[in-house]
There are 2 protein chains.
Amino acid sequence: MRYSPLHKADVRQRIIRTASYRFRSEGMDAVGIANLMADLGLTHGGFYSHFRDKEALVAEACRHGFDELQQRLAGVLDAVPPEQRLAALVQHYLSLAHRDRPDDGCVAAALGGEMARRDQPSRQAFTAGIEAQLALLQECVPPGEKGSAPTPCVALALMVGALLLSRAVSDPALSQRFLEEATRALAPPGQA
Amino acid sequence: MRYSPLHKADVRQRIIRTASYRFRSEGMDAVGIANLMADLGLTHGGFYSHFRDKEALVAEACRHGFDELQQRLAGVLDAVPPEQRLAALVQHYLSLAHRDRPDDGCVAAALGGEMARRDQPSRQAFTAGIEAQLALLQECVPPGEKGSAPTPCVALALMVGALLLSRAVSDPALSQRFLEEATRALAPPGQA
DNA sequence: TTTTTAGCATGATGGCCATCATGCTAAGGG
DNA sequence: CCCTTAGCATGATGGCCATCATGCTAAAAA
């Protein structure tokens, strides 16, 4: 063992972390193993002692990305009284900052389309992340809200769709419209 | 000219058409020029006499895909009285058939994530398609609907997001929930 | 009928891809 | 203090990528 015994786990985490960012910003097919390892000052040789294949890394990177967002959103929610939680979450998710930093943002919005074409391990990791997001949204709906409030599935689909489209569209005004109108639909200003 | 004078335009259309399908089902990076031309019984040599580069083809394929969906949806809307148009469109868009045939479906849901990373020509073609979809949605909202109805941007974002997630998720039950709950949110059953 | 030329084919270039086989090297266990 | 071995490096394999240069061939123009 060249480095200390904990270094393998550390390198593994750095691979996942870097992959998670680069996948979201460049797409999963666009990031090669050799190129990715070079980011860490390593070469492609050792990769396969950490992961069985690229698919395994994609699954891990997916998990990592969802965990990260989940923790950040949990922090946002803790700082806010229960009635304002949904609004706070929506404003954070549909912000210009989130739109402009896909590498540090929601995996579903950045990689959802490509995930539909991937193998089972990655899709299962993705599904688990989605379910965690739905659970988090569930907790944001105040107790008294009746059938009028959007369900977690609807809220998540609208947020993902709006963020995705705001990124894809080349017209800045239209990009903002997606964010603003989706925000209004989920967290109407005329509310507590 | 080897074939009749109209054959160049015909071949060009066949390239666009095939590319449009394959891009949506396999992703734009996964379809190579040589492989694509082979689908038409041709080789890679002639490609660059039809398009300046791959980016130009992506833009054309994007246009073609949006046009096709637009025409199909227009056909659905014509067969239905004005009050039911939004519901008909939503049910068509959020159907299992659409979910399971991304190659023959909405460009935004299949390629939106990758479009955000593409060059200007493709993104402009994409934006034009989105604007056409928004215009079509605008016409679906009956005259009397007040502020309660979702705006076109919100409706489109929700539809795209729900379709995207229903495709990406590996759990069939969750996949259907996205489609059904989004459908209910946009075309509530307790309505004309 | 002859000549031009457009549409496509062939082939080359340089690059990147995932994956596997093997070799070095330094740290841990004895 | 030596020897095993784990972690990574080097290099090879076979394949696909976009793009450009050139050549063939048959149809249109003369």
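Every chain is numbered from 1 and lettered A, B, ... according to where its sequence line falls, protein lines coming before strand lines.
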What is the nucleic acid contact for [X], judged by heavy atoms within less than 4.0 Å: base, sugar-phosphate only, or nothing?
{"X": "B:D53", "result": "sugar-phosphate"}
{"X": "A:H44", "result": "base"}
{"X": "B:S49", "result": "nothing"}

Check: Of A:M28 and B:G46, whose closest DNA chain C nucleotide lies nearer the 5' terminus?
Finding: B:G46
Take atom [atom1] of [X] and atom [atom2] of [N], then tell me their distance rounded to the nearest Å.
{"X": "A:F23", "N": "C:dC17", "atom1": "CZ", "atom2": "P", "value": "11 Å"}
{"X": "A:Y48", "N": "C:dT19", "atom1": "OH", "atom2": "P", "value": "4 Å"}
{"X": "B:R12", "N": "C:dA6", "atom1": "CZ", "atom2": "P", "value": "17 Å"}
{"X": "B:M37", "N": "C:dG7", "atom1": "CE", "atom2": "C1'", "value": "10 Å"}
{"X": "B:R52", "N": "D:dC20", "atom1": "CZ", "atom2": "C1'", "value": "15 Å"}

Check: Any Lys/Arg nitrogen of A:R177 or A:D171 sitting under 4.0 Å from an Asp/Glu carboxylate oxygen of the other?
Finding: no
Check: Are B:R17 and B:E60 close enough for a salt bridge, meaning some N to O gap below 4.0 Å?
Finding: no
Item checked: Passing option when A:F178 is tested against B:V160, B:V154, B:L134 for side-chain contact (heavy atoms from CB on, under 4.5 Å) -> B:L134
